[in-house]
Amino acid sequence: MTRTSPLQDRYPNQHGIYIELRKLSGADLDALVQHYQHQADLHRAHAQALIAYRERVVDMSRHGR
């Protein structure tokens, strides 16, 4: 079984224009890394909020039945 890299051939810049990965500069790559790390932090925060909601609301409603 082969494993493929999650890297894509092209990535969107700040303006949503897709640019080939090999044409990006080091600064562009750093900006992309920071962007995706920020997005991951946001997704993690949303997941934690959903977990807290589930534990607070959904689980309590099941106990009341």
Side-chain angles (χ1 to χ4, degrees):
M1 180 175 1
T2 61
R3 213 173 156 184
T4 59
S5 171
L7 286 177
Q8 301 171 14
D9 292 335
R10 301 179 333 138
Y11 278 90
N13 64 10
Q14 306 89 305
H15 308 290
I17 299 170
Y18 280 78
I19 298 174
E20 291 182 30
L21 185 61
R22 61 186 165 85
K23 292 184 179 178
L24 294 173
S25 68
D28 292 333
L29 288 172
D30 288 340
L32 275 175
V33 167
Q34 289 177 358
H35 170 74
Y36 284 113
Q37 286 177 335
H38 178 69
Q39 289 295 318
D41 292 340
L42 289 176
H43 287 293
R44 194 172 298 110
H46 285 283
Q48 292 299 323
L50 286 171
I51 290 168
Y53 174 80
R54 179 188 66 198
E55 291 173 353
R56 187 178 71 248
V57 176
V58 176
D59 290 345
M60 290 179 107
S61 68
R62 288 185 184 148
H63 290 296
R65 289 183 184 178

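Excluded from the calculations below are hydrogen atoms, water molecules and symmetry mates; all remaining heavy atoms, backbone and side chain alike, are included.
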Excluding sequence neighbours, so at least two apart, what forms side chain to side chain contact (heavy atoms under 4.5 Å, CB included) with [X]?
X: Q34; result: none
X: E20; result: R10, R22, K23
X: L24; result: I19, L21, D28, L29, L32
X: I51; result: Q48, R54, E55

Identify, with sequence neighbours excluded, every residue that meets salt bridge (charged side-chain N to carboxylate O under 4.0 Å, His left out) alongside D41.
-> R44

Return each pair, listed once, that meets ring-ring contact (aromatic ring centres under 6.0 Å, His included) where at least one residue sits in residues 12-49; pairs must be two or more places apart or across chains.
-> Y11-Y36

